[in-house]
Every structure is written in C-alpha cells, then in structure tokens.
Engineer: 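Once you've had a glance at the structure underneath, I'll fire off some questions.
Below, chain A is the first sequence line, B the second, and so on; all start at residue 1. Because the structure is predicted, anything quoted here is derived from the model rather than measured.
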Number of protein chains: 2
Amino acid sequence: MKEKVISIGTVRDLTGLTERQIRYYEEKKLVFPTRTAGGARKFSFDDVELLKLIHSKLKDGFHTFELRQQPEKWLHPYEEGSLSR
Amino acid sequence: MKEKVISIGTVRDLTGLTERQIRYYEEKKLVFPTRTAGGARKFSFDDVELLKLIHSKLKDGFHTFELRQQPEKWLHPYEEGSLSR
DNA sequence: CGTGTAAGGAATTCTGACACG
DNA sequence: CGTGTAAGGAATTCTGACACG
C-alpha cells in the first residue's frame with residue numbers, strides 16, 4: 001500500500017482531517033507525499049493510516065517534533081508490517 | 001483493492017491509456033468509477049488492472065460491446081481473485 | 001504550536017461536439 | 001467503433017499570510 005496515488009481531497013475524506021492539518025503534518029516532515037507535475041500532493045494508503053495515527057498522537061498531547069524525532073517509539077502498526085517503511 | 005480513490009490523471013499515468021480512452025470505457029459500461037461531489041471520477045486499483053485488460057482485449061480485436069456482454073468469458077485475473085467483484 | 005480562513009492563481013477534470021473511418 | 005482534439009466552464013489544489021494563543 002505504498003503507491004502514492006491519492007489526492008489530498010480524498011485523503012481528507014478518508015481520514016476526517018482537514019487539508020490544513022494534512023499539509024501541516026507534511027510541513028513538519030511527518031508524511032512524505034509525492035507531487036504531480038503540477039504540484040499536487042499524492043498520498044498512499046499507508047500515508048492515510050499514518051496521518052490518522054499522527055492525529056491521535058497529537059490529541060494525546062504529543063508535539064509534531066516529538067513524533068518526527070523518534071518514529072520507532074510511537075509508530076506501532078495495528079498489524080505487523082502494515083505501516084513498514 | 002476496491003477502494004475508489006484514484007483520479008483519472010493518475011489512472012492515465014498508471015495505465016498508459018489516455019483520459020479519452022478511460023472515459024470511453026466507462027461510457028461503454030466496462031468500468032464503474034465513483035464520483036466526487038464535484039463530479040470527478042475516482043477509480044480503484046482493481047479498476048486500473050481492469051482498464052489495462054480491456055485495452056489489451058481491444059487490441060486483440062474485441063469490441064467494447066463484446067467485453068460488456070460476457071465478462072466471465074474473458075475476465076481471467078492474473079492471480080486468483082485479484083479482480084473479483 | 002496546531003489549526004482556521006480568505007486570496008489569487010495554476011493545474012485538473014468535466015461535458016458535448018466535430019472529426020476520421 | 002474507438003480515439004483525437006479544441007472549447008469553455010467548474011471543481012480541485014497550491015502557496016503565503018494573518019490570526020489566535
């Protein structure tokens with residue numbers, strides 16, 4: 001599920017996050033969408049799951065810089081390998 | 001892989017087909033993308049594989065109406081169930 | 001810090017039509 | 001029949017900024 005094919009509007013619908021939040025998490029180096037020739041972001045299904053996880057961690061009180069520094073510490077896939085990179 | 005999340009431009013890149021061809025195959029009832037609120041088509045990875053198969057069949061001399069009438073006759077997934085509906 | 005919003009522009013997609021054959 | 005193209009419009013996405021706190 002690593003193919004970057006989903007545009008931000010669909011990611012918004014899939015995650016329930018706002019485009020603002022999605023772009024902010026990218027700005028903070030937490031997700032790495034690719035870009036189309038025109039500059040539009042393309043995310044993978046793994047990115048979608050990761051975005052949900054990021055948001056839940058922020059709700060738990062973590063800060064973006066903490067999540068960026070030690071992804072191994074908090075990135076624990078629901079299913080083994082489902083979010084492997 | 002049935003989630004309809006890929007826009008036509010990405011499908012074009014993934015299949016090598018033109019948007020014209022993709023829209024035509026939909027018009028002929030060979031693929032069934034969903035639509036966003038704004039009317040934009042959204043395809044699944046299964047649709048992407050199906051579109052490639054449709055195009056190869058057309059290259060083999062088949063016509064769209066033949067493919068539509070008896071999908072069981074020519075729809076033989078590369079891997080069991082990969083294109084099941 | 002994380003998120004909302006209004007602003008203006010650029011890229012994307014849509015439909016219906018004319019064309020060829 | 002299957003596909004190309006130009007046309008005009010509508011929806012989508014982008015960036016940088018101001019705001020709050």
Engineer: Test of understanding: with side-chain hydrogen bond (donor to acceptor under 3.5 Å, both in side chains), list the residues that count as partners of B:Thr15, not counting sequence neighbours.
Structural biologist: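 Counting only residues at least two positions away or on another chain, B:Thr15 forms no side-chain hydrogen bond (donor to acceptor under 3.5 Å, both in side chains).
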Engineer: Rounded to whole angstrom units, what separation is found between the CG atom of B:Leu51 and the P atom of D:dG2?
Structural biologist: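 That distance rounds to 14 Å.
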Engineer: What's the closest nucleotide to the side chain of B:His55 if the choices are C:dT15, C:dT13, D:dT3?
Structural biologist: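 Looking only at heavy atoms from C-beta outward on B:His55, the closest nucleotide is D:dT3.
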Engineer: Within less than 4.0 Å of OP1 or OP2 of C:dC14, is there a side-chain N or O belonging to B:Arg41?
Structural biologist: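 The answer is yes; a side-chain N or O of B:Arg41 sits under 4.0 Å from OP1 or OP2.
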Engineer: Once you round it to whole Å, what is the distance between C1' of C:dG2 and CZ of A:Phe62?
Structural biologist: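 Atom-to-atom, A:Phe62 to C:dG2, this comes out as 16 Å.
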Engineer: Taking salt bridge (Lys or Arg N to Asp or Glu O under 4.0 Å) as the definition, give me every residue that meets it alongside B:Arg12, ordered by chain and number, with sequence neighbours left out.
Structural biologist: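 Listed in chain order: B:Glu19.
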Engineer: Can you list the residues that meet the side chain to side chain contact (heavy atoms under 4.5 Å, CB included) rule with A:Lys29, with sequence neighbours excluded?
Structural biologist: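 Counting only residues at least two positions away or on another chain, A:Lys29 forms a side chain to side chain contact (heavy atoms under 4.5 Å, CB included) with A:Phe32, A:Arg68.
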Engineer: Could A:Lys52 and A:Glu49 be called an ion pair, given the rule that one side-chain N must be under 4.0 Å from one carboxylate O?
Structural biologist: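 A:Glu49 and A:Lys52: salt-bridged.
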Engineer: Between atom CD in A:Glu27 and atom P in C:dG2, what is the gap in whole Å?
Structural biologist: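 Whole-Å distance recorded here is 10 Å.
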Engineer: Using whole Å, report how far NZ of A:Lys42 lies from C1' of C:dT13.
Structural biologist: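 Nearest whole value for this atom pair: 11 Å.
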Engineer: Please check the phosphate of C:dT12 (OP1 and OP2 only) for any side-chain N or O of A:Arg35 closer than 4.0 Å.
Structural biologist: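 False: A:Arg35 side-chain N/O out of range (4.0 Å or more) of C:dT12 OP1/OP2.
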Engineer: Indicate whether OP1 or OP2 belonging to D:dT12 is found under 4.0 Å from a side-chain N or O atom of B:Ser7.
Structural biologist: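 No, no such contact exists.
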Engineer: Can you sort out the partners of A:His63 under ring pair (Phe, Tyr, Trp, His ring centres under 6.0 Å), two or more places apart, ordered by chain and number?
Structural biologist: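 If we apply the ring pair (Phe, Tyr, Trp, His ring centres under 6.0 Å) test to A:His63, skipping adjacent residues, the hits are A:Phe65.
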Engineer: Got a sec, which residues hit side-chain hydrogen bond (donor to acceptor under 3.5 Å, both in side chains) with A:Tyr24, two or more places apart in sequence or on another chain?
Structural biologist: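 For A:Tyr24 there are no side-chain hydrogen bond (donor to acceptor under 3.5 Å, both in side chains) partners, ignoring immediate neighbours.
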Engineer: What stems show up for DNA chain D when you take Watson-Crick pairs (N1-N3 plus N6-O4 or O6-N4) and G-U wobbles (N1-O2, O6-N3), both under 3.5 Å, and require three or more consecutive pairs?
Structural biologist: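 C:2-5 with D:17-20, C:17-20 with D:2-5 - these are the stems of 3 or more pairs that involve DNA chain D.
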Engineer: Who pairs with A:Thr64 by side-chain hydrogen bond (donor to acceptor under 3.5 Å, both in side chains), at least two apart in sequence or on another chain?
Structural biologist: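 Checked A:Thr64 against side-chain hydrogen bond (donor to acceptor under 3.5 Å, both in side chains); zero matches.
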Engineer: Examine D:dG2: is either OP1 or OP2 under 4.0 Å from a nitrogen or oxygen in the side chain of B:Thr64? Give yes or no.
Structural biologist: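 Yes, because at least one side-chain N or O of B:Thr64 sits under 4.0 Å from OP1 or OP2 of D:dG2.
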Engineer: By a strict heavy-atom criterion of less than 4.0 Å, which residues belonging to residues 11-26 of chain B are in contact with DNA chain D?
Structural biologist: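 Going residue by residue through residues 11-26 of chain B, the ones with a heavy atom under 4.0 Å of DNA chain D turn out to be B:Thr18, B:Arg20, B:Gln21, B:Tyr24, B:Tyr25.
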Engineer: Can you sort out the partners of A:Lys4 under salt bridge (Lys or Arg N to Asp or Glu O under 4.0 Å), two or more places apart, ordered by chain and number?
Structural biologist: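 Listed in chain order: A:Asp47.
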Engineer: Is it true that B:Lys42 and A:Thr10 share a donor-acceptor pair across their side chains at a distance under 3.5 Å?
Structural biologist: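 There is such a pair (donor and acceptor under 3.5 Å, judged by atom type) between the side chains of A:Thr10 and B:Lys42.
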